[in-house]
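Below you'll find the structure, written out as C-alpha cells, and then a few comments.
In what follows, chains carry the letters A, B, and so on, assigned in the order in which the sequence lines appear, proteins first and then strands, with residues in each chain numbered from 1. The figures here come from the full heavy-atom set of this structure, side chains too, leaving out hydrogens, waters and symmetry mates.
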Amino acid sequence: MSDKAGMSDGRDVWITGIGLISSLGEGLDAHWQAMAVDAPRIPAGETERFAPFPVLPMVPLELDKQIPRKADQRQMEPWQRLGTYAAGLALADAGLSGDLERLAHMDMIVAAGGGERDVDVDGQILAGLDRAAEPDAFLNERLANDLRPTLFLAQLSNLLAGNISIVHKVTGSSRTFMGEELAGISAVEIAARRIRAGQGDQFLVGAAYNAERKDMLLSLALGNTLWQGAVNAVWERANAGGGMVTGSLGVFLVLESREHAEARGKTAHAKLGPVLSGRSRREPGQAAAVARGQLDALRPALGDKPVGVLSGANGLGPATLEERALLEELVAEGIAGPIRASQSLIGNSLEAAFPAQIALAALALSRKGFYRPADPTGFELEAADVPTQILATSWGFWRGEGMALLEAID
Amino acid sequence: MGKTLGKTRDHLGRPVVAVTGMGVVTSLGQGIDDNWAALTSGKSGIHRITRFPVDHLRTTIAGTVDFLFDEAPRSAVLTEKLAELAAEEAIARAKIGTPGDFPGMLFMAVPPVELDWSVKRDLYESGDAETADPYDRMIESAQSLNNPDIYEYALYACVADKTADRFGTRGAPISLSTACASGATAIQLGVEAIRRGDTDAALCIGTDGSVQVESLIRFSLLSALSTANEDPETASRPFSKNRDGFVMAEGAGALVLEDYDAAVARGAEILAVIRGVGEQADDFHRTRSKPDGSPVIGAMRQALGDAGIGLDEVNYINAHGTSTPENDKMEALSLEAVFGEHVKAIPISSNKSMIGHTLTAAGAIEAVFSIQTIRSGVIPPTINHDIPDPSVSLDVVPNVAREAPVSMVLSNSFGFGGQNACLVIAAEPA
C-alpha cells in the first residue's frame, strides 16, 4: 500500500509460527495431508443449513486446548473463538506460548469483520415488527430486552485482538484492520514493512472467519456473490456463471525478523518476501493491470525458473476469469509454473483469505513440495520440481488485489 | 526505503512527521473555527435524540450530527459524509496535491459495519411471507434487490474505499478499528508509514456517524452511558464526582501528515509535529482496565519516550476523559503514576465534556483540538465540573477556558478490548 517502490529492502521477515484451522482440519499436518498427500477432493460442504448456499464448516475443535477458561469461551462468539484458537496454535508453533517476556513486546495486527449477530433475536424482532402497532417503540423495547451485553463485545471488530491479548497475553501494540480480503492483505503487508524497517521484531498477524452465519450470507447475497448448488473448483464455477463458496477458517502467523528468530534459536517455515497491496475499481482489465504492476515490482526477487502460484481466486465470474487469463499469460511467458487455487478446497474466508494463502505457501515451502491439482478443467498441472519460491495472490470479491512472494529458507 | 529528501531527524534518527492540515465536524458544528469558538466558550453539543424514537430507552441524549441530512441517514452514509467534510477542510488547509489527487496514503478509522435496521426491515417486508425463517426471507429479497448502494454500504471496506476514490489517495486504503482508540490509531499508522519512508504524506481520518438505536442500547446494556437525560448539556461530566457514564456522539477529525522536510520543501505551513506515539494492549478484561493501570501507564510512558521528552516538557494533557466512573478514575491514577506530583501543575481537560464521546472519531478529533490548543494558546475547559471528585487531584481546567502557552500535548485514547494509544503533539519547530 505504499506509494513507493523498494518494498523488500531492509531486514528479512521470517514466518516462524503458523496456526491454521479450516474445513479441512486443524494444524499444518492436516492441511498438508489433505491438499498435498491425499488426492484432493472437492468437499461436499454443508448444503442444508444455509441453503441455497453451500458453506464449508469448521472441523470440530477442542476449544479447551487453546482457550482453557470456559469463562473466556463464553465471552466470545464463534469467529472470535476460531481466531483465538488459531492464534494459540501459531504461538505454540513459534515456541512462544507462555513466553510472557516476549509476548509483552509482540505486536499484533488482526484483520476482522465482526458484527456477529443473534439471528434468532433478529428474526423474532422482524416478525414482531410486522405486526406491531408502533414498530419503532416495539423495536426499542425488544432490543433493550433481548440483546445480550456479551454479544455486543462479539460484534466489535477489535475484540478478536482483545480476546487474544486476554487469553494468550500478547500485549504490544494491537491494531485491527477491517474490510474483507483487503484487510488481510494490508495486515500482512504492514507487519512485514514494520519488521523490515525496524519498527518491531515480532508480529502476530491473522484473522478468522465464521462462514456458518446467515447474517454474513445476507450481506454477501446483496451483491449476488454467492454460488448456489454443489461445491466445485473455482475455475469450473467461474465458467458457469460464477460465485463464491465461503468457508470457516482461522489463521495466524508469527512474523519475525530473521535476527530475532535466530537469536532465540528458531528457524522458519519460509521467508516472506515482498507483500504488495493494490486496488482498482474492477473495470475489465483493471485488476490484472494492478497484478501486472505488482509482478513488475517484485520481479527482481524472482528466481530463474517458473514460480508456482497459489491463487486466491474465489470463483466469482469476471475476476476469476481475468485472473486465469493473466496466469495463462504468465505461464506462456515462462514466469508462472504450476497454479493452485486454495479456495476450491477451503472456500473464501474474506479477511482471513490472504493470511491463509501466506500460511499455505509457507507450509508448502517448508515441506519441499506443492499441493496436488484440484481442478477438473485441466488448468492446474502437476508440479515437477521442489518449489523454492511461491507466489500467493488474493483478489477480493469486491475490491483489493494482493500479491506476495515467499521463499524457502535454505 | 525510498527516503532521500530529508535531513531533519528526530532524537532516534527518524524523519520528523509534520501536521500541515486539519479539519473537524462535531455536534458543535462544521469546521475548526465554529468548533473552536464553541469549545472555548464552554458550549455543549449534547442534546435530546430526535433521529429515532426513544421509547423504552434509559438514555435519550447524544451528540448526534443532525445538520447534514434532512432525513436520518444510514450509519455508513453519515460516517462517510462526516469524513468527507473533515478531510476536505484538512486538505484545503494543507494546500496539498490537486482536487481528487492526494499524494499520499489513507488511514481511516471507521466504525464496524452492520446492516441498519431500516434496511433489514425493508428486506424483510419485501420478502415472501411464506418463507418461515426471517433471514432466509431477507436473503431472498436481497438476491432480487440488485441495489449496489445497499450492497456496498454493507461492506467493511466501503467507506474508506469511497473516500480513497473521492480524494485520490495512493495505494490501498486502510480501514481500521481499535474501538474508542481508533482515531489515534489512524494517526499512529500514518506516523509510522512516514517514518519508514513508505510515503511523504498521509491522510488520517477518524469518523463516526453510528448513533442508532441498537448501538445506543448496546452501550446502555454495558451500563456505559450517562442517564442524565433531563439536562443534556450537563450530562457529560468528566472527572466530576457525579459523573455517571459517557454520552454517545458523532463527528470526524482529519489530519494531513507529511514528512517534515517534504512539507517545508513545498512551502507548506507546519501546524504542529507528531512527536511521539505509544501503545500497549491490556490483557485484563474486555471492558475494564487492569486495576494497577499498568497498560495505560505503559502507553503514556512509551509515547513520551518515543517523543524523547522529559515529564516537565508536557504542558497540556488532552484527556480521554469519557465521564465514566471507571475511565476517569483509571486515567487520573495513571497520570499521577506517570507524572508524580508534577501532574498537579499540568492543565488537563476533556473535550468530551462538550462534544461527548465520538467513539471511533475521538482520537482524531481530539488531536485536531490539541493542535488548535497549541496554536491559539487557549485551553478548552472541562465543563460541568461543579462537584469535583475528591479522589482526582488534577487541574482539569474547570468550566472556563484558560489562556496559557502550550507547546507540548499528551493526547490519550483508550478503548474496549484493551486498546491504549497515546500521542505526543508538539508545536513547530520540530
Side-chain angles (χ1 to χ4, degrees), chain A residues 1-6 9-10 75 113-115 119 122-123 126-127 129 136-137 139-141 143-144 147 149 152-153 155-159 161-162 165-166 169 171-180 182-183 186 193-194 197 199 214 217-219 221-224 277-279 398-400, chain B residues 1-2 52-53 55-57 104-105 110 112-115 117 120-121 124-125 133-135 138-139 142-143 145 150-151 154-157 160-161 164 170-172 174-179 185 189 192 196-199 213-214 217-218 221-222 279-283 286 295 415-419:
Chain A
M1 76 155 296
S2 163
D3 60 344
K4 295 189 179 176
D9 47 356
Q75 293 286 323
V119 293
D122 283 354
L126 286 164
L129 277 168
D136 290 323
L139 177 64
N140 293 4
E141 187 178 10
L143 287 173
L147 290 179
F152 174 34
L153 297 176
Q155 289 168 316
L156 288 179
S157 299
N158 71 308
L159 260 287
S165 292
I166 290 169
K169 306 298 166 195
T171 54
S173 68
S174 169
R175 282 92 186 256
T176 295
F177 293 172
M178 302 184 300
E180 295 79 37
L182 186 53
S186 297
R193 285 178 176 278
R194 286 181 61 190
Q199 292 177 336
K214 284 192 180 176
L217 293 171
L218 171 59
S219 290
L222 282 165
N224 283 307
S277 63
R279 69 185 276 271
W398 184 56
R399 293 279 164 88
Chain B
M1 306 219 159
F52 47 83
D55 317 49
H56 307 289
L57 303 185
M105 292 161 33
V110 291
V113 176
E114 289 186 51
L115 283 182
W117 274 99
K120 286 204 283 271
R121 286 168 70 172
Y124 184 83
E125 281 163 19
D133 181 290
Y135 265 85
M138 287 192 285
I139 285 170
Q143 288 183 284
L145 185 66
I150 297 288
Y151 165 52
L155 300 173
Y156 282 75
D161 195 86
R170 306 289 163 80
I174 299 285
S175 307
L176 67 101
S177 175
T178 53
T185 302
L189 284 160
E192 289 166 356
R196 63 177 180 259
D198 279 358
T199 184
V213 65
E214 183 173 328
I217 286 170
R218 289 172 180 175
L221 288 171
L222 292 171
E279 185 177 359
Q280 187 174 326
D282 194 330
D283 60 4
R286 288 159 190 83
F416 284 170
Q419 307 278 174

Any donor-acceptor pair under 3.5 Å from [X] side chain to [Y] backbone:
X	Y	answer
A:Asn158	B:Ser177	no
A:Glu180	B:Ala157	yes
B:Asp55	A:Asp136	no

Is any side-chain heavy atom of [X] closer than 4.5 Å to a side-chain heavy atom of [Y]?
X	Y	answer
B:Leu189	A:Phe177	yes
A:Leu156	B:Arg286	no
B:Val110	A:Met178	yes
A:Leu143	B:Val213	yes
B:Leu221	A:Phe152	no

Worksheet entry | Closest non-hydrogen atom pair between A:Ser157 and B:Tyr156, with its separation | OG-CE2, 3.7 Å

Worksheet item: Looking only at heavy atoms, what is the nearest atom pair of A:Arg279 and B:Ala172, with distance?
Response: CD-CA, 4.0 Å

Side chain, backbone, both or neither of [X] within contact of chain B (heavy atoms, under 4.5 Å):
X	result
A:Leu147	both
A:Asn224	side chain
A:Leu153	side chain

Out of curiosity, [X] [atom1] to [Y] [atom2], how far, rounded to the nearest 0.5 Å?
X	Y	atom1	atom2	value
A:Asn140	B:Phe52	CG	CZ	7.5 Å
A:Leu159	B:Phe416	CG	CZ	9.0 Å
A:Leu129	B:Trp117	CG	CH2	6.5 Å
B:Asp282	A:Ile166	CG	CD1	8.0 Å

Chain A contact via [X] - side chain, backbone, both or neither, heavy atoms under 4.5 Å:
X	result
B:Leu155	both
B:Ala160	neither
B:Ile217	side chain
B:Leu115	side chain
B:Gln419	side chain

Which one of [options] has the most heavy-atom pairs closer than 4.5 Å to chain B?
options	result
A:Gly172, A:Gly123, A:Ala144, A:Ser174	A:Ser174
A:Leu217, A:Val119, A:Leu182	A:Val119
A:Ser165, A:Ser219, A:Ala183, A:Gly400	A:Ser165

Item to complete: Indicate whether the side chain of A:Gln199 and that of B:Arg196 have a donor and an acceptor atom separated by less than 3.5 Å.
Response: yes

Chain A interface, residue from [options] that has the most non-hydrogen pairs under 4.5 Å:
options	result
B:Leu57, B:Thr185, B:Val113	B:Leu57
B:Glu125, B:Lys120, B:Glu192	B:Glu192
B:Gly417, B:Pro53, B:Ala154, B:Ser175	B:Ser175
B:Pro134, B:Gly418, B:Ala281, B:Ala179	B:Ala281

Worksheet item: Between A:Trp398 and B:Asp161, does a side-chain contact (heavy atoms from CB on, under 4.5 Å) hold up when you go through it step by step?
Response: CA-CA 11 Å; A:Trp398 184 56; B:Asp161 195 86; 3.9 Å; yes

Worksheet, complete the sentence: Those residues at least two apart in sequence (or on a different chain) that pass salt bridge (Lys or Arg N to Asp or Glu O under 4.0 Å) with B:Glu214 are A:Arg117, B:Arg218

Discussion item. Salt bridge (charged side-chain N to carboxylate O under 4.0 Å, His left out) for B:Glu279 and A:Arg175? Distances and angles first, verdict last.
Written reply: CA-CA 10 Å; B:Glu279 185 177 359; A:Arg175 282 92 186 256; 2.7 Å; yes

